[in-house]
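A quick write-up on the structure given underneath.
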2 protein chains.
Amino acid sequence: MRALREVERITTRKQVAERAGVSEATVSRVLNNVGPVKESTRRKVLQAAKELGYVPNAIAQRFARRKSGSIGVVLPFVPKVRMFSTFYFSEILSGIGEEIVRKGLDLLLLFKPADGEMDYTMPFRTGKIDALIILGSRNRPGELRELIKLQQSGYPFCLVNQHFPGYSFNGIDADHVRGSREAVQHLIEQGYKRIAFLNGPVEYSNSLDRLEGYRQALEEAGLPLVSDLIFEGNYSRTSGYRAASDVAAKISDIDAIFAANDRMAIGLIQGLYERGIRAGVDIAVVGYDNIDAAVVCEPPLTTVHVPFHEMGKRAAEWMISQMTSGAEVHFYEKLETELIVRRSSIKEGGVTSQ
Amino acid sequence: MRALREVERITTRKQVAERAGVSEATVSRVLNNVGPVKESTRRKVLQAAKELGYVPNAIAQRFARRKSGSIGVVLPFVPKVRMFSTFYFSEILSGIGEEIVRKGLDLLLLFKPADGEMDYTMPFRTGKIDALIILGSRNRPGELRELIKLQQSGYPFCLVNQHFPGYSFNGIDADHVRGSREAVQHLIEQGYKRIAFLNGPVEYSNSLDRLEGYRQALEEAGLPLVSDLIFEGNYSRTSGYRAASDVAAKISDIDAIFAANDRMAIGLIQGLYERGIRAGVDIAVVGYDNIDAAVVCEPPLTTVHVPFHEMGKRAAEWMISQMTSGAEVHFYEKLETELIVRRSSIKEGGVTSQ
DNA sequence: ATAAATAGTGTACGCGCGTACATTTTTATG
DNA sequence: CATAAAAATGTACGCGCGTACACTATTTAT
């Protein structure tokens with residue numbers, strides 16, 4: 001049952017016009033709902049279009065309108081060893097997609113190259129996109145240079161879950177300072193006083209925010225910030241696992257630890273376990289992100305939920321409004337996080353080892 | 001430092017031609033490497049293009065070439081409660097992306113509507129895409145109808161990780177029959193004889209393949225296939241959790257269970273644990289997919305690794321070759337899976353049930 | 001030397017649609 | 001009924017690029 005490619009020739013506006021007995025312009029007017037059209041004419045045109053199975057050629061429309069009608073979304077290069085949870089990006093992406101579809105726009109997925117920087121202005125200059133949403137940006141010289149260039153070119157774009165101190169790029173963030181502060185406050189409320197911190201690389205504003213939240217919580221409680229109790233990983237599970245040895249070495253000074261994300265927290269828990277230190281019993285652990293695995297690990301991980309989906313949606317909403325209004329308004333939004341308490345951090349919880 | 005939108009006017013081929021002192025056609029020839037061009041002319045043109053910062057307008061190119069240069073990727077509607085691991089799609093998507101970027105094409109992300117079917121021919125008819133890769137397809141009447149329509153229209157497309165018995169749609173799959181057989185064989189080798197099966201919905205060919213693998217393994221070992229020991233979930237963790245009560249009710253007849261994916265396996269393990277049945281001790285468990293969480297759950301889950309990334313890449317390779325060759329060749333590839341043995345299924349790890 | 005092949009370049013047009021402007025038809029107004 | 005205003009429709013053109021074809025300059029074959 002090999003199909004005849006009916007691909008060959010598309011039906012065009014001209015044919016619809018002929019069949020309806022009107023001019024091409026009238027067909028356009030009817031289909032775009034622009035200008036006054038007599039009701040009977042409208043019906044004739046719609047009828048003809050329907051009979052011919054006419055669908056406007058999107059490429060020609062974009063060409064004539066000088067608008068691509070699509071929004072680019074940049075994904076960072078993610079090597080085989082995933083630095084971020086795929087969860088993170090999937091959630092944001094689905095939020096963006098939901099909004100874009102709702103507005104009848106297209107989503108062009110752009111992948112950052114493995115090596116070197118990406119020229120963010122290029123997809124604009126080639127006319128492929130009308131707006132850009134950048135995920136997984138980092139504070140690095142090359143990256144920053146590209147962002148500044150993009151900013152100066154005046155094309156509408158925004159960052160998600162990253163900001164650059166000293167620069168006013170448009171962006172949607174979550175309030176990670178507050179999220180982290182609440183996480184650490186929770187530990188303090190549980191009675192822990194010697195709270196360590198496993199952070200991620202400083203090139204992510206997330207890390208700086210987490211540190212600030214950690215600092216604030218300690219300060220409020222009158223607890224000292226001990227730099228020896230601040231460790232650094234790279235947000236991967238493995239790095240959390242590796243950090244376990246450092247943490248274990250100072251375990252006599254530590255009764256709780258706040259990890260900057262769940263993946264590290266889970267790796268840490270495993271690493272500590274192998275050294276005889278039981279999370280939720282010998283040490284309290286709090287993570288961040290509320291990924292799927294947080295509820296299935298042992299013990300279930302207390303963490304901070306981040307509204308990634310909503311963040312993606314808001315980013316898309318902003319970009320779409322910029323595109324349609326044409327106005328060049330600055331925005332920077334922080335959405336709220338939510339502490340999710342599970343067994344890894346609660347004192348009463350300690351029970352089973354095995 | 002508000003930017004002047006340099007967006008206003010793009011530089012065009014015409015300007016490059018003038019500056020280089022040649023015709024527009026020659027500019028085109030140089031930039032597209034087509035036809036003979038004198039070396040000195042080539043340099044003049046490239047120089048002029050560089051000086052003007054000229055970039056061809058992609059939309060105009062597509063319009064003139066009557067090719068969109070982009071490949072569509074359909075994602076199923078994923079409601080708040082994710083039916084599949086996001087892992088699954090992220091991996092496939094990154095494989096597709098890798099290949100598409102390599103070939104200088106674009107990736108248009110298409111989201112299936114929440115309700116009703118999607119007309120897969122539409123993005124072709126509007127000229128938005130040249131080929132389509134469909135993820136998360138299911139064997140349902142409406143879906144099948146759309147696929148048949150698409151097939152008959154002759155546009156190049158393929159499915160990933162799904163096939164329809166009786167239809168020869170192009171597709172990239174993994175050998176789930178074999179993967180499942182090996183998983184169950186592994187359990188048999190460990191000495192288990194009463195092996196239950198927690199499957200997913202039959203609208204996924206994955207489920208049928210898993211069942212067949214399960215059947216084959218039992219048959220080879222001369223073990224009976226007991227329909228009472230076959231349970232059904234919907235691939236979500238929650239459904240695995242719920243299945244635990246059914247499994248627990250028959251626990252005296254079961255010493256191992258093969259779950260059709262990791263999410264269900266993990267939910268099942270939790271549910272059983274709450275009923276006093278310990279995975280890896282009282283019951284052996286094997287999952288499928290090798291998601292991130294499989295290595296961090298307790299006990300670490302024996303599972304079957306599926307090369308999702310590679311599958312995406314192969315799908316993209318096929319579609320690109322179809323696009324460029326124009327030939328309409330049929331393909332259906334099955335990639336190999338790999339059994340990953342962890343603690344949830346090995347006898348030494350545990351004590352003994354009854 | 002001349003003809004024929006080839007390299008190099010320019011001219012002209014179409015891709016399908018949006019839309020400014022011109023023109024015709026209808027309606028409102030007195 | 002005449003006329004101005006408004007509504008409805010048609011004509012014409014441009015969006016930026018690819019490319020068929022025509023044409024000229026150069027090389028090769030005879």
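Letters A, B, ... mirror the listed sequences (proteins, then strands); counts begin at 1.
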From the candidates C:dT9, C:dG16, C:dG10, the one with an atom nearest any side-chain atom of A:A64 is C:dG16

Ring centroid separation for B:F308 and B:Y88, is it under 6.0 angstrom? yes

Do the side chain of B:R29 and the base of C:dG10 come within less than 3.5 angstrom through a donor-acceptor pair of N or O atoms? yes

For atom NZ of B:K14 and atom P of C:dT11, their distance in whole Å: 13 Å

Rounded distance (Å) that lies between atom C1' of C:dC13 and atom CZ of B:R66: 12 Å

Contact under 4.0 Å: A:T41 side-chain N or O vs D:dA8 OP1/OP2: no

Nearest whole Å is fine: how far is D:dC17 P from B:N32 CG? 10 Å

Rounded to whole Å, CZ of A:R42 lies from C1' of D:dA7 at a distance of 14 Å

With the side chain of A:P36 defined as its heavy atoms from C-beta on, choose the nearest nucleotide among D:dT9, C:dT9, D:dC15. D:dT9

Could you check whether any side-chain N or O of B:H163 sits under 3.5 Å from a backbone N or O of B:G171, counting only pairs where one atom can act as donor and the other as acceptor? no

Using a cut-off of 4.0 Å on non-hydrogen atoms, how would the nucleic acid contact of A:V34 be classed: base, sugar-phosphate, or nothing? nothing

Do A:R13 and C:dG18 share a donor-acceptor pair, side chain to base, under 3.5 Å? yes

Select base, sugar-phosphate, or nothing to describe what B:R65 touches, counting heavy atoms under 4.0 Å on all strands. sugar-phosphate

Thinking salt bridges, do B:E18 and B:K14 make one under a 4.0 Å N-O criterion? no

Using a 3.5 Å distance criterion without hydrogens, assess whether the side chain of A:E333 forms a donor-acceptor pair with backbone atoms of A:D173. no

It should be established whether A:N57 places a side-chain nitrogen or oxygen under 4.0 Å from OP1 or OP2 of nucleotide C:dC15. no

Please give, in whole Å, the distance from D:dC17 P to A:K128 NZ? 14 Å

Counting the atoms with a prime plus P, OP1 and OP2 as sugar-phosphate, which does B:S28 contact under 4.0 Å by heavy atoms, base, sugar-phosphate, or nothing? base

Given DNA chain C, 5'-ward residue of the pair B:E24 and B:F63, judged by closest heavy atom: B:E24

Could you check whether A:E143 pairs with A:K112 (Lys NZ or Arg NE/NH1/NH2 to Asp/Glu carboxylate O, under 4.0 Å)? yes

Expressed in angstrom and rounded to an integer, what is the separation of B:E39 atom CD from D:dA25 atom P? 22 Å

Grab the NZ-P distance between B:K38 and D:dT24 for me, whole Å please. 16 Å

Can you measure B:L31 atom CG to D:dG16 atom C1' for me and round it to whole angstrom units? 13 Å

Just checking B:T26: base, sugar-phosphate only, or nothing, at a heavy-atom cut-off of under 4.0 Å? sugar-phosphate

Phosphate contact (C:dG16 OP1 or OP2) by A:Q61 side-chain N/O below 4.0 Å: no

